[in-house]
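Here's the structure we're looking at; comments come further down.
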Amino acid sequence: MDYKTIKYTVDGYIGRLIINRPEALNALNSEVLSELNRVLCEIKENKDLRVLIVTGEGRSFVAGADIKEMSTLSPLEGKAFGKKGLQVFRKLESLEIPTIAAVNGFALGGGCELAMSCDFRIASDKALFGQPETGLGILPGFGGTQRLQRLVGQGYAKYLIYTSQNIKADKALEIGLVQEVVPADELEERVTKLAGKVAANAPVAVRLAKEAINVGGQVDIDSAIKIEENLFGLSFATEDQKDGMNAFLNKEKAEFKNK
């Protein structure tokens with residue numbers, strides 16, 4: 001498919017999705033959200049893909065939702081715009097394969113929310129995070145009030161949202177918003193290496209682990225343990241399990257078939 005506001009490429013088992021509006025610091029407007037929705041459908045259908053990297057073109061990850069577009073919206077239109085973003089980000093979050101946000105610059109508002117919809121986040125030392133919406137008369141509307149508190153706790157979530165204060169990458173690492181911070185010129189290499197590590201493991205097992213974490217994290221511990229028990233059992237029905245354990249016993253490197 002051809003896209004105007006995003007780039008999508010596949011190299012082996014690794015997909016790379018780039019928000020491509022550098023002239024607007026990759027701000028999210030309706031067109032970007034529509035194209036994200038389309039490409040996520042394409043990604044979901046690619047059964048050979050094992051991991052997806054999400055990043056932004058130029059010096060910004062995503063600087064937020066497009067304020068120019070939002071400034072003229074009525075309450076009903078605002079709700080519809082928020083719903084569109086929520087649905088797209090939920091589709092990203094719900095992909096079976098792991099997703100890695102490579103945060104190369106500004107990750108503000110909708111950009112921070114996009115990063116939080118990925119499984120984990122690796123940040124450049126030049127990255128900047130924040131939810132500045134209350135300074136604009138609105139609140140985070142693409143999942144920020146919910147995902148942020150789940151990642152960093154209610155205290156920090158309220159602190160960042162109420163004050164609309166931005167934080168640098170080292171602070172984001174301290175509070176658990178990102179998992180690593182690397183020099184800007186090493187970000188692409190580091191994220192590609194991590195994606196390769198994920199892709200080298202048994203794909204079915206990785207997908208089952210993601211399901212166990214995501215679903216189990218929303219229920220009580222007894223229900224969560226039952227979810228893990230069932231998914232653990234399913235992993236023994238795969239060729240990958242047999243190949244992986246045989247390779248280990250024979251002191252060999254497993255070559256997983258995604259079966």
Side-chain angles (χ1 to χ4, degrees), residues 1-8 15-46 49 52-58 60-119 121 129-151 157 160-161 164 177 210 214 218:
M1 291 185 182
D2 292 328
Y3 300 102
K4 294 180 180 179
T5 65
I6 62 174
K7 296 178 184 177
Y8 173 58
R16 187 178 295 270
L17 173 58
I18 304 171
I19 311 302
N20 186 35
R21 289 188 73 209
E23 74 285 352
L25 297 178
N26 301 323
L28 303 172
N29 59 13
S30 294
E31 184 177 22
V32 178
L33 292 175
S34 293
E35 293 200 338
L36 281 173
N37 188 59
R38 284 170 50 204
V39 78
L40 289 171
C41 292
E42 182 180 344
I43 290 166
K44 188 175 181 180
E45 292 302 312
N46 186 347
L49 206 63
L52 176 69
I53 297 169
V54 180
T55 193
E57 184 68 35
S60 178
F61 180 73
V62 166
D66 195 310
I67 296 172
K68 184 177 180 180
E69 179 176 352
M70 289 193 296
S71 66
T72 61
L73 299 181
S74 69
L76 284 177
E77 290 168 337
K79 182 179 179 180
F81 184 67
K83 183 176 182 179
K84 186 173 186 177
L86 285 165
Q87 290 175 336
V88 171
F89 286 13
R90 183 64 178 141
K91 183 176 285 190
L92 171 63
E93 186 175 46
S94 301
L95 285 176
E96 288 187 340
I97 61 172
T99 55
I100 306 171
V103 185
N104 52 308
F106 300 116
L108 307 176
C112 190
E113 291 167 310
L114 176 64
M116 290 190 293
S117 299
C118 295
D119 288 312
R121 289 146 292 284
F129 297 84
Q131 299 290 165
E133 288 88 348
T134 58
L136 299 169
I138 57 175
L139 67 151
F142 291 172
T145 62
Q146 303 309 307
R147 291 191 180 95
L148 187 58
Q149 65 169 309
R150 285 165 168 78
L151 287 171
L160 291 172
I161 292 170
S164 68
L177 182 55
K210 177 171 179 174
N214 286 0
Q218 305 303 313

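Taking 4.5 Å as the limit, some side-chain heavy atom of Leu17 sits within range of a side-chain heavy atom of Val39. You'll find the side chain of Leu148 reaches within 4.5 Å of the side chain of Leu160, heavy atoms only. In this structure the side chain of Leu92 reaches within 4.5 angstrom of the side chain of Leu114, judged on heavy atoms.
In summary, of the residues considered (Leu36, Asn20, Leu52), a side-chain contact (heavy atoms from CB on, under 4.5 Å) with Tyr8 occurs for Leu52 alone.
For Glu31 and Tyr3, the side-chain atoms include no donor-acceptor pair closer than 3.5 Å. A side-chain N or O of Lys84 and one of Ser34 form a donor-acceptor pair less than 3.5 Å apart.
Using a 4.0 Å cut-off between charged side-chain N and carboxylate O, Glu35 and Lys4 make no salt bridge. Residues Glu93 and Arg147 are paired through a salt bridge, judged by an N-O separation under 4.0 Å between the basic side chain and the carboxylate.
Note on ring orientation: taking the six-membered ring where Trp is involved, the planes of Phe89 and Phe142 are perpendicular (angle over 60°, cut-offs 30° and 60°).
Within a 6.0 Å sphere centred on CZ of Phe129, other residues, nucleotides and ligands contribute more than 12 heavy atoms.
Within the 3.5 Å criterion, the main-chain N or O of Ala115 finds a donor-acceptor partner in the side chain of Arg121. Checking side-chain atoms of Asn26 against main-chain N and O of Phe61 turns up a donor-acceptor pair under 3.5 Å.
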Show, in sequence, the C-alpha distance, side-chain angles and deciding distance for Arg21 and Glu57, and conclude whether the salt bridge (charged side-chain N to carboxylate O under 4.0 Å, His left out) test is met.
CA-CA 7 Å; Arg21 289 188 73 209; Glu57 184 68 35; over 6 Å; no
Run the side-chain hydrogen bond (donor to acceptor under 3.5 Å, both in side chains) test on Gln131 and Ser164 for me, step by step, so that the C-alpha distance in whole Å, both residues' side-chain angles and the decisive distance to 0.1 Å come before the verdict.
CA-CA 6 Å; Gln131 299 290 165; Ser164 68; over 6 Å; no
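Pairs passing the salt bridge (Lys or Arg N to Asp or Glu O under 4.0 Å) check and including a residue from residues 103-114, sequence neighbours excluded, do not occur.
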